[in-house]
Amino acid sequence: MMGQKFYVTTPIYYVNDSPHIGHAYTTIAADVLARYHRACGHQTWFLTGADEHGVKIVKAAAEKGLTPRQLADSVVVHFQEFWKFLNISNDDFIRTSDARHEKRLQAIMERLLQRDQVYQGKYEGWYDEGQEEFVTESAARENQYQSAISGKPLVRYSEPSWFFRLSQWREKLLAYIQAHPEFIRPESRRNEVLSKLADGLEDLSISRSLAKLDNWGVSLPNDPTHCVYVWIDALSNYITALGYPPIGQEGDQGRWDFWPASLQLIGKDILWFHTVYWPCLLMALDVPLPRTIFAHGWWTSEGKKMSKSLGNFVSREVITELCNEYSRDAFRYFVLREVPFGADGDFSRQAFQLRYNVDLANGVGNLLARTVNMIGRYFQAQVPQPDPSAGAQPVQQAAEALIAAAGPAMEQCRFNAYLDKVQDLVNATNKFIDVTEPFKLAKDATQRQRLGGILYACAEAVRLVLSYLEPFMPDKAAEGLSQLGLAGPRRLDQVGRWGLLTPGQALGKAAMLFPRKL
RNA sequence: GGCGGCGUAGCUCAGUUGGCUAGAGCAAGGGAUUCAUAAGCCCUGGGUCACUGGUUCGAUUCCAGUCGCCGCCA
């Protein structure tokens with residue numbers, strides 16, 4: 001499959017919260033995909049950002065004696081710095097308070113009005129301010145008129161509001177989901193959406209009175225007393241960041257070619273917004289739908305739900321500390337290796353260290369070390385000649401298996417399957433060394449050619465291992481490859497084949513890539 | 001309460017359309033080695049495949065019910 005363009009998004013993160021493993025997980029996954037596609041030579045665009053409007057921010061700011069913008073400005077840097085720290089290669093970072101977003105969002109609202117997709121009505125009912133979500137009467141009663149999530153009292157709203165004709169899109173959306181199995185994944189989430197859609201769909205209130213919001217929102221072009229509902233505001237970022245719709249300013253032509261998105265990653269908590277509101281909004285705008293919305297799972301920590309009071313919260317600070325001890329690449333590797341993407345997983349220091357030692361220190365790192373060491377010792381640190389009599393077929397087969405599996409695995413966000421194949425190649429190569437015993441052949445001058453062939457195969461396997469790990473572990477891959485004497489940006493579609501190491505090439509300096517941790 | 005999923009070796013899980021002695025990784029025990037980060041390699045698991053019935057020549061795999069866990073919805 002020669003997809004030439006790849007556009008991946010994360011949700012824009014709400015600046016009421018500071019970054020934690022949940023944010024990091026989605027963002028690392030998106031980064032790995034972006035790096036992989038760039039390495040394949042695809043035109044790639046990777047967007048993340050911050051969601052800044054809403055009553056929650058207004059209130060939080062007031063409590064701190066700040067304006068909403070001051071609060072947003074102070075929190076958003078935590079995300080931006082954290083992404084830099086985790087080596088996230090996003091091409092853009094959009095904030096819903098950016099002028100470029102606000103103007104385009106207003107243009108979107110105008111377009112919806114022109115298309116008769118929005119009408120004025122009256123909203124009366126319960127509202128969960130923590131979730132920025134309306135609650136039905138029956139659901140409110142069920143929970144004693146408190147938020148099912150936060151337990152805080154629901155607020156009674158009664159006000160004129162603008163509504164989006166969501167209900168009119170139900171049939172089309174259902175048909176679309178049924179015709180496109182890859183649209184919502186994993187399949188269990190797709191079934192949930194289909195099941196809930198079967199229950200019906202009501203029009204959606206998409207405006208709020210600006211008076212309650214300290215003017216912290218995007219006003220409706222046709223009604224300056226109201227602003228756009230935060231979810232419509234937030235979802236629109238995926239297209240406004242690409243310059244849609246054009247508003248006669250810079251950035252208009254920039255990136256729209258990247259739409260429709262190849263992949264929009266989300267947490268399972270925001271499934272409904274992204275698989276119903278979002279596609280219906282796009283249909284109402286006559287904009288094509290993204291190819292795939294992928295909802296991943298949640299992390300627990302040390303076997304329990306994360307909570308600040310339990311002390312098991314995997315915060316930015318905790319992750320930073322782990323990265324400083326084990327390397328940020330090890331953390332990136334762990335979160336995508338430990339659990340199938342889509343399923344829930346548990347984060348524990350023990351599991352992290354175990355995975356680090358087994359896969360990285362004892363596996364990849366040790367293989368690199370013994371390979372570089374032997375070539376250094378027996379061939380003056382120069383890549384030897386390949387030799388068909390080396391018996392390296394098992395290694396080469398594992399390499400071919402990795403090469404064949406990588407694309408499909410990435411296509412389906414099966415990161416752990418991809419990494420399994422990498423590990424298989426490591427294991428096959430370690431076994432190869434033990435079976436062929438190059439360290440014994442080195443004592444016999446008549447075996448020199450065969451010895452070279454064996455070590456060539458080892459070096460070649462390590463080169464491929466590191467090349468394929470590069471999207472996950474950019475720093476470590478570069479360090480490891482430099483020990484093989486390789487440098488510079490590497491295109492997987494050019495270097496991801498067996499037999500490309502050049503005999504005679506000088507190795508670089510050896511060093512422990514992943515020191516074992518006790 | 002409705003819909004859906006799950007319950008397989010100590011742990012985490014694979015097990016296509018039912019059929020050779022039920023598998024992998026990790027952990028644990030033993031062995032032969034030394035190039036390497038005391039890492040790597042080899043050997044070792046006999047588990048009522050939740051329970052009970054049923055269909056079948058034969059079910060972990062199909063059906064029904066029971067118990068337990070989880071997700072979405074109400």
Side-chain angles (χ1 to χ4, degrees), chain A residues 135-143 148 184 186-201 267-272 275-276 295-298 300 303 305 326-327 330 334 337-340 342-348 350-379 381 384 394-395 414 416-417 419-424 426-443 447 451-452 454-455 457-459 461-462 476 480 483 510-518:
Chain A
V135 180
T136 63
E137 180 63 35
S138 62
R141 193 183 312 118
E142 185 96 358
N143 291 299
I184 302 173
E187 196 175 349
S188 54
R189 300 294 165 200
R190 175 173 181 262
N191 292 338
E192 283 178 15
V193 173
L194 282 170
S195 152
K196 191 170 168 183
L197 273 174
D199 294 342
L201 201 56
K268 62 184 183 179
D269 53 324
I270 51 179
L271 180 69
W272 185 250
T275 57
V276 178
H296 67 244
W298 286 118
T300 53
K305 189 175 175 185
Y326 291 87
S327 78
F334 177 83
R337 175 66 181 82
E338 187 68 3
V339 172
D344 289 347
D346 183 58
F347 185 90
S348 73
Q350 196 184 11
F352 181 67
Q353 183 175 64
L354 187 64
R355 190 59 83 181
Y356 175 88
N357 280 335
V358 170
D359 288 1
L360 301 180
N362 300 350
V364 178
N366 187 231
L367 176 62
L368 171 69
R370 62 201 305 210
T371 299
V372 168
N373 182 274
M374 283 190 279
I375 294 177
R377 216 183 258 227
Y378 310 139
F379 290 92
V395 175
R414 298 177 62 215
N416 62 330
L419 294 171
D420 264 345
K421 291 294 181 190
V422 174
Q423 214 51 237
D424 285 349
V426 171
N427 295 339
T429 311
N430 268 325
K431 181 166 182 169
F432 176 62
I433 294 174
D434 282 280
V435 170
T436 57
E437 299 181 307
F439 39 88
K440 282 186 183 167
L441 299 181
K443 295 170 183 164
Q447 295 290 329
L451 172 65
I454 290 166
L455 293 179
C458 293
V462 174
K476 292 298 181 180
Q483 293 187 37
M512 256 194 238
L513 199 56
F514 299 104
R516 187 176 163 80
K517 301 285 181 183
L518 297 176

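Order of the sequence lines fixes the chain letters, A, B, ..., with proteins taken first and strands second; residue numbering starts at 1 for each chain.
Classification of A/Asp344 and A/Lys305 as a salt-bridged pair fails, no side-chain N sitting under 4.0 Å from a carboxylate O.
Proximity of a side-chain donor or acceptor of A/Thr300 to a complementary backbone N or O of A/Gly345 within less than 3.5 Å is detected. Not one N or O on the side chain of A/Asn430 forms a donor-acceptor pair closer than 3.5 Å with the backbone of A/Leu367.
Between A/Lys196 and B/rA74 there is no side-chain N or O to OP1 or OP2 distance below 4.0 Å. Taking 4.0 angstrom as the limit, A/Arg189 places none of its side-chain polar atoms (N or O) nearer than this to OP1 or OP2 of B/rG4. For the pair A/Asn362 and B/rG40, the criterion of a side-chain N or O lying under 4.0 Å from OP1 or OP2 is met.
Stems are defined here as 3 or more consecutive Watson-Crick or G-U wobble pairs with pairing distances under 3.5 Å; those involving RNA chain B are B:1-7 with B:67-73, B:10-13 with B:23-26, B:28-31 with B:41-44, B:50-54 with B:62-66.
Checking B/rU34, B/rC42, B/rC35 against every side-chain atom of A/Lys431, the shortest atom distance belongs to B/rC42. Distance from the side chain of A/Asn373 is smallest for B/rA36 among the nucleotides B/rG71, B/rA27, B/rA36. The side chain of A/Arg370 has B/rG40 as its nearest neighbour among B/rC72, B/rU37, B/rG40. Listed nucleotides B/rA36, B/rG40, B/rC26 differ in distance to A/Val358; the shortest reach to its side chain belongs to B/rC26.
Straight-line distance between the C1' atoms of B/rA59 and B/rG19: roughly 9 Å, to the nearest whole Å.
Residues A/Asn366 and A/Asn191 both approach RNA chain B. Their nearest nucleotides, taken by heavy-atom distance, put A/Asn191 toward the 5′ side.
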